[in-house]
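Fair warning: this is a prediction, and the values are worked out from it, not measured in the lab.
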Amino acid sequence: MKKFKSFIYGSVIVSLFMSLTFAQTTKLLFKIERSKNANLVRYDAKIDNDGRIDKETPIDYYWLLYASDGSREEIAKIERRAYGFSIKYNEAGHFDMQMNAVKDRKLKILLINSEPKAEILINGRNAYLSKIYINSEDNFLSIPVVNYYTLTGNDIETGEEIEEKIAVKKSKTEETK
C-alpha cells in the first residue's frame, strides 16, 4: 500500500510539472463585433513557454456568445469562410495574416514588449488593430450580406485611436433585390 501511495503522489507531481512546463497562454489580439447581435469573434495569440507566439498554431479564434450566456463556442467549419484566415511565419520574425473578412488588408502579427499585436493600415497609417465591426443585413435567404466594416486601432506612432469605415461593393444581383 505504501508503494501505491508513493506511485500516486509521484504521478501527481509529474502531472503538475508537465502541465506547468508545457502550459500555453493566450492573449487577446483583436475581436470582430457585428450588427447582427452581441456575439463576437475573439482572436487570441497563443504564447509558448518562452514568451513567443507559437509557430505551429499561432492564433486561437472562437465565438463569445454574449447574446445568450457569454460562453465560448468554437467557430463552425462553414463560419470559417467569413471569420477564418491564413497565416504563415515570416523569417523576419513575425507572422503574415490574411483575414477572410478583410480581404483588402494584410496583418502582421508580432510581439511588442511581450504583448502580441496585429499591425494593419488604418486610414493609411500603421496601427495596432483592436476591433473590426461588421455591419450586415440578412438577404431574402437569411444569409448575411455585409454593407460595410470598420477597422479600429491605435496609431503606432501617436497611440491615438483611429478608425476607418470601408463600404463593401455589392454585386449587381444584390443591388436589384
Side-chain angles (χ1 to χ4, degrees), residues 24-48 51-55 57-67 70-76 79-139 143-171 174-175:
Q24 214 178 39
T25 61
T26 61
K27 293 186 178 182
L28 174 66
L29 268 175
F30 60 90
K31 60 188 174 185
I32 293 181
E33 296 178 349
R34 307 166 316 132
S35 61
K36 188 171 186 163
N37 58 37
N39 297 336
L40 62 86
V41 180
R42 182 176 159 135
Y43 295 78
D44 293 345
K46 288 185 173 181
I47 308 299
D48 66 19
R52 294 185 296 243
I53 298 173
D54 185 310
K55 286 185 182 176
T57 53
I59 307 293
D60 182 25
Y61 68 120
Y62 51 91
W63 286 105
L64 286 177
L65 304 178
Y66 290 132
S71 64
R72 174 187 168 130
E73 183 177 290
E74 296 307 312
I75 304 290
E79 294 169 331
R80 292 179 191 166
R81 292 181 65 201
Y83 302 108
F85 56 88
S86 62
I87 190 165
K88 74 176 191 182
Y89 183 71
N90 180 310
E91 292 304 321
H94 63 269
F95 293 84
D96 295 318
M97 183 176 182
Q98 181 66 58
M99 300 283 303
N100 293 347
V102 184
K103 290 189 184 282
D104 63 333
R105 306 286 168 101
K106 293 187 186 294
L107 290 95
K108 182 166 49 171
I109 309 301
L110 63 163
L111 287 174
I112 304 294
N113 299 323
S114 301
E115 291 297 317
K117 301 287 183 183
E119 186 177 323
I120 192 170
L121 276 179
I122 300 177
N123 283 327
R125 295 159 62 184
N126 288 325
Y128 295 130
L129 181 66
S130 58
K131 176 176 73 173
I132 300 170
Y133 172 78
I134 298 175
N135 178 282
S136 66
E137 44 191 286
D138 289 349
N139 67 12
I143 297 171
V145 176
V146 175
N147 298 316
Y148 67 87
Y149 60 91
T150 305
L151 302 173
T152 304
N154 293 88
D155 183 288
I156 291 175
E157 290 183 22
T158 67
E160 170 192 5
E161 184 174 273
I162 56 177
E163 191 173 273
E164 181 178 358
K165 181 178 175 180
I166 298 137
V168 175
K169 294 179 183 174
K170 299 198 185 297
S171 69
E174 289 174 333
E175 289 175 354

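- Here I120 contributes atom CD1 and I109 contributes atom CD1; the two are 9.0 Å apart, rounded to the nearest 0.5 Å.
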Given side chain to side chain contact (heavy atoms under 4.5 Å, CB included), test R105 with L129 step by step and report yes or no.
CA-CA 11 Å; R105 306 286 168 101; L129 181 66; over 6 Å; no
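- From Y128, atom OH reaches atom CG of N126 across 8.5 Å, with rounding to the nearest 0.5 Å.
- Taking the side chain as every heavy atom from C-beta outward, V145 and S136 never approach each other to under 4.5 Å.
- In summary, of the residues considered (I122, T152, L121, T150), a side-chain contact (heavy atoms from CB on, under 4.5 Å) with E164 occurs for I122 alone.
- To the nearest 0.5 Å, the span separating CD1 on I134 from CD1 on I166 amounts to 11.0 Å.
- When side chains are defined from C-beta on, L28 counts as touching R42, because their heavy atoms get closer than 4.5 Å.
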Can you list, pair by pair, the side-chain donor-acceptor contacts under 3.5 Å of residues 85-93, counting residues two or more places apart and other chains?
unit_1: N90; atom_1: OD1; unit_2: A92; atom_2: N; d: 2.7
unit_1: N90; atom_1: ND2; unit_2: D96; atom_2: OD2; d: 3.0

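- Counting only distance, with no hydrogens or angles, the side chain of N100 and the backbone of A82 share no donor-acceptor pair below 3.5 Å.
- At a threshold of 4.5 Å between non-hydrogen side-chain atoms, the residues I32 and M99 count as touching.
- Heavy atoms from other residues, nucleotides or ligands lying under 6.0 Å from CZ of R81 number 12 at most.
- With N37 contributing its side chain and N39 its backbone, the two residues share a donor-acceptor pair below 3.5 Å.
- Distance CG/L110 to CD1/I53: 7.0 Å, rounded to 0.5 Å.
- A167 and Y148 make their closest contact through CA-CB, 3.9 Å (heavy atoms, listed as atom of the first residue, atom of the second, distance).
- Scanning for ring pair (Phe, Tyr, Trp, His ring centres under 6.0 Å) contacts around Y133 gives an empty result, with sequence neighbours left out.
- Residues K27 and S114 share a closest heavy-atom pair of NZ-O, 3.5 Å.
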Hey, mind stepping through R125 and E160 against side chain to side chain contact (heavy atoms under 4.5 Å, CB included) and telling me if it holds?
CA-CA 11 Å; R125 295 159 62 184; E160 170 192 5; 2.8 Å; yes
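- A distance of 10.0 Å separates CG of D48 from OG1 of T57, quoted to the nearest 0.5 Å.
- Using modelled atom types, no side-chain atom of D60 and backbone atom of K46 make a donor-acceptor pair closer than 3.5 Å.
- The environment of NZ in K165 is sparse: at most 12 heavy-atom neighbours from other residues, nucleotides or ligands sit within 6.0 Å.
- For Y43, the ring pair (Phe, Tyr, Trp, His ring centres under 6.0 Å) test picks out F30, Y61, with sequence neighbours left out.
- Note that the CD atom of Q98 and the CG atom of D104 stand 8.0 Å from one another [nearest 0.5 Å].
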Residue pair I47, L111: steps toward the side chain to side chain contact (heavy atoms under 4.5 Å, CB included) verdict
CA-CA 10 Å; I47 308 299; L111 287 174; 4.2 Å; yes
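- Remark: E74 CD is packed, more than 12 non-hydrogen atoms of other residues, nucleotides or ligands lying under 6.0 Å away.
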